> 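Structure incoming, see below.
These numbers were taken from a predicted model, which means no experiment stands behind them. As the structure lists them, so they are numbered: ligands from 1, and atoms in each ligand from 1.
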Amino acid sequence: MTYETITVEKRGGVAVLTINRPDKLNALNKQVHREGVDALDAMRRDEEVRVVVITGAGEKSFIAGADISEFAGQTPVTQRDLFHERTFFNSIDTFPKPVIAMVNGFCLGGGCELALACDIRVCSENARFSQPEINLGIMPGGGGTQRLTNLIGEGRAMELILTGDMIDAATAHKFGLVNHVHPAAELEAETMKLAEKIAEKAPIALQLCKEAVKFASRSSLDEGLRREVDLFAICFSTEDKQEGVSAFLEKRKPVFKGK
Ligand code: COA
């Protein structure tokens with residue numbers, strides 16, 4: 001499938017998915033959701049892809065939120081249907097391989113929610129974050145009230161969501177909203193370095209790690225600990241576990257195959 005609102009570029013084991021509507025600051029319209037879901041489905045099946053990096057085209061914006069022009073025609077029923085369908089947010093959340101948000105500017109509303117659905121967030125010093133929905137008389141609907149709260153705590157999430165205030169990269173880092181902040185000129189190289197480091201690991205173990213960590217905020221501690229033991233046991237069925245252990249004992253670098 002060819003895309004109009006996104007691009008996908010494979011660089012070794014890392015696929016870079018770029019939202020490509022720079023004239024609209026990469027706002028998320030229905031087509032971006034559709035194409036994003038489709039691209040992730042294809043990358044889910046593509047064994048060469050070990051890690052996905054999501055970013056926005058241009059230097060100004062990662063994603064400036066949902067496309068506000070589409071809100072005008074939405075009724076409660078159509079809007080609810082849209083977000084109950086497979087959205088870009090849900091597709092990222094359920095994507096089995098690691099996903100890194102490379103945030104290169106405005107990261108607002110649905111853009112912040114999309115970054116929150118990713119596993120790791122890396123941003124440039126000029127990045128700005130907010131959940132400004134309240135200024136439009138609405139509220140976050142792409143997971144913001146839940147994922148932001150899980151990530152940075154209720155007090156901070158509540159203030160950001162109730163005020164719609166924008167915070168800078170340093171504050172986002174202090175809050176734990178982003179893992180790393182880099183000068184804009186170094187963002188891509190540093191993000192790729194991180195992505196490539198993860199892409200070298202055993203793919204099945206990565207997938208199981210991701211599932212276990214995500215389960216932590218969605219279950220009780222007892223359920224989470226039980227799930228972890230089960231997933232840990234599954235690792236022992238893989239060729240990559242044999243390879244990892246043998247490589248350690250033979251004092252060489254492991255070569256993981258995702259089997
Ligand atoms: N939806 C639709 N279009 C958007 C958009 C959005 N979320 N954010 C920006 N755009 C469009 C603008 O309408 C403008 O299009 P135009 O040139 O056809 O008029 C273009 O992107 C550039 O944006 P502009 O507002 O001119 O840039 P700026 O530098 O003056 O301001 C922002 C940047 C991010 C502060 C401002 O665009 C903004 O507040 N955007 C909306 C953010 C928001 O509320 N997002 C949450 C939605 S729920």
Side-chain angles (χ1 to χ4, degrees), residues 3-7 17-37 54-93 101-118 121-152 156-173 175 177-178 181 184 187:
Y3 302 119
E4 288 172 3
T5 64
I6 64 169
T7 62
L17 189 164
T18 304
I19 319 297
N20 193 24
R21 302 183 73 212
D23 54 325
K24 296 292 178 192
L25 305 186
N26 304 317
L28 295 175
N29 62 8
K30 290 179 196 163
Q31 193 176 355
V32 176
H33 277 284
R34 266 198 312 274
E35 294 186 353
V37 168
I54 299 183
T55 193
E59 288 169 9
K60 192 170 167 182
S61 179
F62 171 66
I63 299 167
D67 189 320
I68 298 171
S69 67
E70 286 188 344
F71 283 164
Q74 293 290 82
T75 69
V77 173
T78 59
Q79 185 59 41
R80 194 159 192 266
D81 268 3
L82 189 69
F83 272 24
H84 271 183
E85 270 178 31
R86 287 188 64 215
T87 58
F88 206 171
F89 310 118
N90 301 338
S91 283
I92 295 169
D93 189 45
M102 180 165 80
V103 177
N104 53 315
F106 287 120
C107 182
L108 314 177
C112 193
E113 291 174 304
L114 194 130
L116 287 164
C118 296
R121 286 146 292 279
V122 181
C123 78
S124 57
E125 285 172 349
N126 66 325
R128 297 288 177 274
F129 299 80
S130 82
Q131 293 293 159
E133 292 86 351
I134 196 70
N135 298 323
L136 299 171
I138 55 173
M139 62 176 282
T145 61
Q146 306 303 301
R147 293 198 184 98
L148 188 63
T149 306
N150 282 338
L151 193 61
I152 69 173
R156 284 171 166 163
M158 194 69 92
E159 185 174 341
L160 285 176
I161 289 168
L162 297 184
T163 62
D165 281 352
M166 208 179 276
I167 56 171
D168 61 15
T171 308
H173 191 234
F175 284 3
L177 177 44
V178 295
V181 182
L187 176 66

> If you measure from atom 6 (C) of ligand 1 to every heavy atom of G65, P22, A66, which option wins on shortest distance?
A66
> For K24 and ligand 1, does the shortest N/O to N/O distance drop below 3.5 Å?
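Yes; the residue has a nitrogen or oxygen that sits under 3.5 Å from a nitrogen or oxygen of the ligand.
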> Is atom 19 (O) of ligand 1 less than 4.0 angstrom from some protein heavy atom?
no
> Within a distance of under 4.0 Å, is there any protein heavy atom near atom 38 (C) of ligand 1?
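Given the 4.0 Å cut-off, atom 38 (C) of ligand 1 does not count as touching protein heavy atoms.
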> Quick check on atom 25 (O) of ligand 1 - does any protein heavy atom sit closer than 4.0 Å to it?
no
> Kindly identify the option in G109, A64, P140 whose heavy atom sits closest to atom 45 (N) of ligand 1.
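It is A64 whose heavy atom sits nearest to atom 45 (N) of ligand 1.
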> Does the protein put a heavy atom less than 4.0 Å from atom 8 (N) of ligand 1?
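Neighbour list for atom 8 (N) of ligand 1 includes protein heavy atoms (cut-off 4.0 Å).
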> May I ask you to list the atoms of ligand 1 that are less than 4.0 angstrom from any heavy atom of L136?
47 (C), 48 (S)
> Could you tell me whether the side chain of M102 reaches within less than 4.5 Å of the side chain of V122, counting heavy atoms only?
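Not touching, per the 4.5 Å side-chain cut-off.
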> Looking at atom 14 (C) of ligand 1, what's its closest protein heavy atom, distance included?
D23 O, 4.3 Å
> Any donor-acceptor pair under 3.5 Å linking the side chain of S61 with the backbone of L25?
yes
> Determine if the distance from atom 48 (S) of ligand 1 to the closest protein heavy atom is below 4.0 Å.
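Protein heavy atom within 4.0 Å of atom 48 (S) of ligand 1: present.
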> How far does CZ of R34 sit from OH of Y3, to the nearest 0.5 angstrom?
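Those atoms lie 12.0 Å apart.
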> Which protein non-hydrogen atom lies closest to atom 41 (C) of ligand 1, naming both residue and atom, and how far is it?
I68 CD1, 3.9 Å
> Can a donor-acceptor pair be found between the side chains of D81 and T78 at a distance below 3.5 Å?
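Note: D81 and T78 side chains miss the donor-acceptor criterion.
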> Nearest to atom 46 (C) of ligand 1 by heavy atom, G111, P132, G164: which?
P132
> Do the side-chain N and O atoms of N126 and S124 include a donor-acceptor pair separated by under 3.5 angstrom?
yes
> Is the backbone of G144 close enough, under 3.5 Å, to the side chain of E113 for a donor and an acceptor to pair up by distance?
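At least one qualifying donor-acceptor pair exists.
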> Nearest non-hydrogen atom to atom 32 (C) of ligand 1 belongs to which of L25, N135, I138?
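Answer by nearest heavy atom: L25.
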> Answer yes or no: is there a donor N or O on one side and an acceptor on the other, between the side chain of T87 and the main chain of F83, under 3.5 Å?
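Not confirmed, T87 side chain does not pair with F83 backbone.
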> Check the side chains of Q31 and E35 for a donor-acceptor pair under 3.5 angstrom, ignoring hydrogens and angles.
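Note: E35 and Q31 side chains meet the donor-acceptor criterion.
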> Does any N or O of ligand 1 fall below 3.5 Å from an N or O anywhere on K60, backbone included?
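Yes.
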> Any idea which atoms of ligand 1 are less than 4.0 Å away from a heavy-atom of D67?
1 (N), 2 (C)
> Can you spot which of I92, L148, D93, I152 makes a side-chain contact (heavy atoms from CB on, under 4.5 Å) with L116?
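Result: among I92, L148, D93, I152, L148 is the only option passing the side-chain contact (heavy atoms from CB on, under 4.5 Å) with L116.
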> I'd like to check I167 versus L177 (side-chain heavy atoms, cut-off strictly below 4.5 Å). Are they in contact?
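In short, these two side chains touch, coming nearer than 4.5 Å.
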> Hey, does L151 have a side-chain heavy atom less than 4.5 Å from the side chain of R121?
yes
> Do you see a protein non-hydrogen atom under 4.0 Å from atom 12 (C) of ligand 1?
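There is no protein heavy atom less than 4.0 Å from atom 12 (C) of ligand 1.
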> Considering non-hydrogen atoms of the protein only, which is the closest contact for atom 35 (C) of ligand 1, and what is the distance?
F106 CZ, 4.2 Å
> State which residue, out of L114, I19, V32, fulfils the side-chain contact (heavy atoms from CB on, under 4.5 Å) condition with N26.
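It is I19, the one option of L114, I19, V32 that forms the side-chain contact (heavy atoms from CB on, under 4.5 Å) with N26.
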> Quick one: does A27 get an N or O within less than 3.5 Å of an N or O on ligand 1?
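In this structure, A27 places no N or O atom under 3.5 Å from an N or O of ligand 1.
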> For ligand 1, is any non-hydrogen atom under 4.0 Å from L108's backbone (N, CA, C, O), its side chain (CB onward), both, or neither?
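Contact part for L108 vs ligand 1: side chain (C-beta onward).
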